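Only one structure is covered here, and it is reproduced in the block below.
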Amino acid sequence: MTAALAIATREYRSLFRSPAGWISIALFLLLTGTVFSLITFQPGSPASLQAFFALSGWLLLPVAPAISMKLMSDEYRVGTIEMLLTSPVSDVSVIAGKFAAALGFVITMLAPTLLYIIVLIVSADPAPDPGPIVAGYLCLILLSCLFLSVGTLASALTPSQTLAFLATLFFLLGLLVVSSTLASANLPPPLDSAIAWLSLTRRIRDFATGVIDLSHIVFFLSWSLWFLVLATAALTMRRWR
Amino acid sequence: MIHVQSLRKSFGRVLAVSDVSFSLPKGIVAGLLGPNGAGKTTTIRMITGFLTPDQGTVTIADQNMNADAINARKNIGYLPESAPIYPEMTPREYLAHRARLFGIPRNKRNSAIDHALERCWLNEMQSRPIGHLSKGYRQRVGLASAIVHNPPVIVLDEPTNGLDPSQILETRKLMHELGQTHTLLISSHILSEIQLTCQRIIIIARGKVRADAPTDELTQAQSASPSCTVEILPTSTTPDPAAILRAIPGVKKITRFSSTDASYTTDTWHKLKVDVDPDHSNTGDLRESIARAAFKSGLLIRELHAENVSLERMFLELIEAEDSPQEIQ
């Protein structure tokens, strides 16, 4: 546990020293800030963060892989993996620490956006409904878990950051596109419920309306866990080669 | 302290290490010597737990690497060949990170880091990013991180590789100091390096241990039957000096250095190698007998020296002998 924490702390700090980290934060805040001031923060528009959440969800698609791409790949490329894997640390702790650092980074990136809520509360006359806002943030964090865990797996498989980034991005895009196109097609009964279950967009829509469904939370967390287990296996396999 | 039993590791079809066993007691500096590609790094990576062996066991301070890897790894300080370190960290930050990974309690961390920085002469460099440091300094940071948790076993893979002469001297001094209190395993392909720092030498070639003995013993074994080189000028009365030398008791064989007999005329210097017969009672130094024999026959000598059969030669013989590169059938 101490070791996983040590790995997480080091990785979190190093994300702030990498250009990819800063560029991700800067672009994310720039784009969400623009949308907030041009669409949400206008006289007459409803006091909700719908537009912000919709945009953030899409922005996570490139941002999450950009953060996760270096987690393991950089260790392989620089060779520091040899120091890490000969320390008294289990492979599970390594992956857990790395993932926690990336998730912490995304949460840090989301933190300044709480300012939008304050602005809304102060300025809007019918105060914003807290339900969709809480659900929206929860949804962003759950999405980040899923995206980052896929990214951790990709990064654990290759020493190339570019490859890890592209593999993650295309996997996530594929997942979204396939599940939403298949959901709109009329499939026979056993298949359509399976697709509906897999569909990310359906679950995101629920969150957007302010519904916090436990089954959605379990869905995101269990898939994230599964990808992290695979990432740990990929790391352990390197000892065998 | 380090116990290695029939290690074997292959990568695809290439057998990198086929059978390596040795055992090192506490408080010894041992050298793992072999040419590039002999399997040194693979062996070291299995000892430190970076690679899992196909076969065999590694035991570090009574902890089995297969059964309890985490506790076994706790007892090792390791410096890999290229000294890989996170370039964006400073030496102090990096050592603090390593100290945390090795579970050094918070209240002892600072003194452990200070001690490691001081031992590796890093005090002035402790707050510069490692990426800006020279290769020599990075190597020292690697060394410091290998000793920061004060492990009983220290494993250094090619520790002087890429250092300048004064840094090599400093590193050698540090290894000597560490050898007083720790068990050290040092790998190198440079024989003189190992000969100077290690009390014991393990020679490894083509994935197998070819020799394993104390340094003194290996050196002595080699000087037991030295040969002599002599450069001698024939005279008209003695056109073949080799015949005179052959008559000396204890001489086994005379060989000419030149491959053609044509170059050995009566008015040129003959360069000859005199081999000692190890079974004869008159073994050892033959230089005196050679000088006397030449003097008696009125022959001139312009060079006479005992061949120092160095460890180097034996090393070359050992690693060149026997089987060709191996592949799994």
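Only a predicted model underlies this, so the values are computations on that prediction, with no experimental measurement involved. Just so it is clear: chains get the letters A, B, ... in the order the sequence lines come, proteins before strands, and each one is counted from 1. When reading the values below, keep in mind they use all heavy atoms of this one structure, side chains included, and skip hydrogens, waters and symmetry mates.
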> Which is it for A:T152 and A:S155 under the side-chain hydrogen bond (donor to acceptor under 3.5 Å, both in side chains) test, yes or no, and what are the steps along the way?
Replying inline: CA-CA 5 Å; A:T152 309; A:S155 187; over 6 Å; no
>> Determine whether B:R140 and B:E170 satisfy the following criterion, salt bridge (Lys or Arg N to Asp or Glu O under 4.0 Å), listing intermediate values before the conclusion.
In response: CA-CA 10 Å; B:R140 288 188 201 176; B:E170 280 176 354; 2.7 Å; yes
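Per-residue counts of heavy-atom pairs under 4.5 Å with chain A were compared for B:T48, B:I76, B:L101; the largest is that of B:L101. Between chain A and the residues B:P80, B:A69, B:G103, B:G49, the largest count of heavy-atom pairs under 4.5 Å involves B:P80. When the candidates A:L5, A:T80, A:L85, A:V78 are compared by the number of heavy-atom contacts under 4.5 Å with chain B, A:T80 comes out ahead. Counting heavy-atom pairs under 4.5 Å between each of B:H149, B:R98, B:K74, B:M89 and chain A puts B:R98 at the top. Of the listed residues (A:R17, A:E82, A:E75), the greatest number of heavy-atom pairs within a distance under 4.5 Å of chain B belongs to A:E82.
Neither the backbone nor the side chain of B:S82 comes within less than 4.5 Å of any heavy atom of chain A. Residue contact with chain B, scored on non-hydrogen atoms closer than 4.5 Å, is absent for A:T236. For A:R13, no part lies near chain B; criterion is any non-hydrogen pair under 4.5 Å. Neither the backbone nor the side chain of B:M46 comes within contact range of chain A; no heavy atoms are under 4.5 Å apart. Interface residue B:I85: only backbone heavy atoms are found under 4.5 Å from chain A.
The heavy-atom pair separating A:L29 from A:M109 by the smallest distance is CD2-O, 3.8 Å.
Looking only at atom types and distance, the side chain of A:T32 has a donor-acceptor partner in the side chain of A:Y116 under 3.5 Å away.
None of A:V63, A:L172, A:L175 except one satisfies the side-chain contact (heavy atoms from CB on, under 4.5 Å) rule with A:F147; the exception is A:L172.
Close placement of the A:F53 and A:Y137 rings is indicated, their centers lying within 6.0 Å of each other.
In this structure, A:R238 forms no cation-pi arrangement with B:F50, as its terminal cationic atom is not both closer than 6.0 Å to the ring centre and no more than 45° off the ring axis.
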